[in-house]
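Owing to the predicted nature of the structure, the values given are computational and were not obtained by experimental measurement.
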Amino acid sequence: MAQIICRDLSFAYDGETVLSDINFSLDAGSYLCIVGENGSGKSTLMRGLLGLKTPSTGTITFNDLKPTEIGYLPQQTQIQRDFPASVREVVLSGRLNSMHGRLFYNAADKAAAAENMERLGIDDIADRCYLELSGGQQQRVLLARAMCATKKLLLLDEPVTGLDPVAANEMYNLIKLVNLCDNTSVIMISHDIHAAVRYATHILHLGHSQLFFGTTAQYRESDLARRFVGGERA
């Protein structure tokens, strides 16, 4: 049974359709990259998956997946970059949705935070202030926070924006390891089509509608890939 099923989705703002004809399904453990030019509908679809935007038509079905079992890594704003909290506090906040009314973190919450900080190599900076970190370190902290929320589905919105090439590659590798080692499904918005075809199992290419959905191998053979990946097969 597919973990995520989107059928006949469309989205509109102020009565004007901005994204239409979205149909895809993903099994658990898949890694989907959503690609397309600026304004193609990527962020609108992400908002729909997060439940922040109601589709004009169609349905989004999460099989055996609760809203509290989705981890989200948003694009960072300057306010978020300057957030005055420790690394440990930011990572722990990923457990908030699973606390079910508890006022304080319990031992399991703290153990999950410690485990994910260690896995992402940030346990040695757990007591440092988040705003003092480099961009790459901050993104690792936010990924650890998202991992604290779930081992089922991560939604990532341009997780390497603003990072230098070395930090970006490190981030891509970390995300792929989480996907493979934990069988965690990943849906990631990316402007980097070369990285998308290197790491993802599936590609969804948008252009105000669904231009392509399929496996990465199928995408490499498509006209879209030849157009958007420098005229060569991806």
Side-chain angles (χ1 to χ4, degrees), residues 1-6 26 28-32 43 45-55 59-133 135-159 171 174-175 177-189:
M1 178 184 292
Q3 187 181 38
I4 304 164
I5 303 171
C6 294
L26 285 178
S30 298
Y31 186 158
L32 173 68
S43 295
L45 179 56
M46 181 67 79
R47 287 176 59 82
L49 294 172
L50 287 165
L52 301 176
K53 176 69 176 172
T54 302
T59 58
I60 302 172
T61 303
F62 294 100
N63 290 324
D64 301 320
L65 190 67
K66 302 173 184 176
T68 56
E69 295 175 320
I70 297 175
Y72 177 47
L73 193 163
Q75 287 193 44
Q76 279 209 87
T77 64
Q78 190 58 51
I79 291 175
Q80 290 168 324
R81 289 189 179 95
D82 294 339
F83 192 63
S86 71
V87 168
R88 180 180 287 104
E89 288 170 333
V90 174
V91 174
L92 265 171
S93 69
R95 301 288 291 185
L96 289 174
N97 284 342
S98 60
M99 291 176 67
H100 305 298
R102 282 189 287 111
L103 297 179
F104 302 101
Y105 297 117
N106 62 20
D109 297 327
K110 295 174 182 178
E115 176 188 358
N116 287 315
M117 286 189 293
E118 181 177 4
R119 290 183 65 186
L120 297 190
I122 54 174
D123 51 317
D124 59 334
I125 59 171
D127 295 319
R128 287 188 58 187
C129 187
Y130 177 78
L131 62 85
E132 297 174 351
L133 305 181
Q137 288 173 320
Q138 286 187 341
Q139 288 300 86
R140 286 187 183 223
V141 172
L142 294 181
L143 180 57
R145 179 185 184 276
M147 289 165 60
C148 273
T150 184
K151 287 194 174 183
K152 292 189 176 182
L153 174 63
L154 293 174
L155 301 182
L156 313 176
D157 191 352
E158 294 285 358
M171 190 60 144
L174 287 170
I175 293 166
L177 282 173
V178 173
N179 169 242
L180 291 175
C181 295
D182 295 345
N183 200 41
T184 299
S185 301
V186 174
I187 298 179
M188 179 173 72
I189 291 177

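Residue Met117 comes nearest to Val91 through the heavy atom pair CG-CG2, 3.9 Å, listed as atom of the first residue, atom of the second, then distance. Residues Ile122 and Ala144 share a closest heavy-atom pair of CD1-CB, 4.0 Å. Ala28 approaches Ser185 most closely through the heavy-atom pair CA-OG, 3.5 Å. Of all non-hydrogen atoms in Thr184 and Lys151, the two that sit nearest each other are OG1-O, 3.0 Å. The minimum heavy-atom distance linking Cys148 with Arg95 is given by the pair O-CD, 3.2 Å. Here the closest heavy-atom approach between residue Ile4 and residue Phe62 is recorded as CG1-CD2, 3.9 Å.
Shown here are the side chain to side chain contact (heavy atoms under 4.5 Å, CB included) partners of Asn106, two or more places apart in sequence or in another chain: Arg102, Ala108, Asp109. In this structure, Glu118 has no salt bridge (charged side-chain N to carboxylate O under 4.0 Å, His left out) partners at least two apart in sequence or on a different chain. Judged as a side chain to side chain contact (heavy atoms under 4.5 Å, CB included), and not counting sequence neighbours, Leu103 has no contacts.
Under the 4.5 Å side-chain criterion, counting only non-hydrogen atoms from C-beta, Ile175 is in contact with Leu143. Using a 4.5 Å cut-off on side-chain heavy atoms (C-beta onward), Leu156 and Tyr72 make no contact. Contact annotation: the side chain of Val141 never approaches that of Gln138 to less than 4.5 Å [non-hydrogen atoms, C-beta and beyond]. Put simply, the side chain of Leu142 reaches to within 4.5 Å of the side chain of Tyr130, judged on heavy atoms. Contact annotation: the side chain of Thr150 never approaches that of Ile70 to less than 4.5 Å [non-hydrogen atoms, C-beta and beyond]. With contacts defined as side-chain heavy-atom distances shorter than 4.5 Å, the pair Met147/Glu115 does not qualify. Side-chain contact between Leu96 and Tyr105 is present, with at least one heavy-atom pair separated by less than 4.5 Å. Side-chain atoms of Ile187 and Leu49, non-hydrogen and from C-beta on, do get closer than 4.5 Å to each other.
From Gln3, atom CD reaches atom OG of Ser30 across 8.0 Å, with rounding to the nearest 0.5 Å. In this structure, CD1 in Ile5 is found 10.0 Å from CG in Leu26, a value given to the nearest 0.5 Å.
The number of heavy atoms from other shown groups lying within 6.0 Å of NZ (Lys53) is above 12.
Tested against Pro159 for a side chain to side chain contact (heavy atoms under 4.5 Å, CB included), the candidates Gln75, Met188, Arg140 yield a single pass: Met188.
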> Run the side-chain contact (heavy atoms from CB on, under 4.5 Å) check on Val178 and Leu154 step by step: do they pass?
Replying inline: CA-CA 10 Å; Val178 173; Leu154 293 174; 4.0 Å; yes
>> What verdict does the side-chain contact (heavy atoms from CB on, under 4.5 Å) test give for Arg88 and Asp127, after you've listed the backbone C-alpha separation in whole Å, the side-chain angles of each residue and the deciding distance to 0.1 Å?
In response: CA-CA 6 Å; Arg88 180 180 287 104; Asp127 295 319; 2.4 Å; yes
> When you look at Leu65 and Leu153, which way does the side-chain contact (heavy atoms from CB on, under 4.5 Å) test go after all the steps?
Replying inline: CA-CA 8 Å; Leu65 190 67; Leu153 174 63; 3.6 Å; yes
> So Asn179 and Leu177, side-chain contact (heavy atoms from CB on, under 4.5 Å) or not? Walk me through it.
Replying inline: CA-CA 5 Å; Asn179 169 242; Leu177 282 173; over 6 Å; no
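With salt bridges taken as basic N to acidic carboxylate O contacts below 4.0 Å, one links Arg119 and Asp182.
A donor-acceptor pair is defined here as one N or O able to donate and one able to accept, closer than 3.5 Å; such a pair exists between the side chain of Glu89 and the backbone of Ser86.
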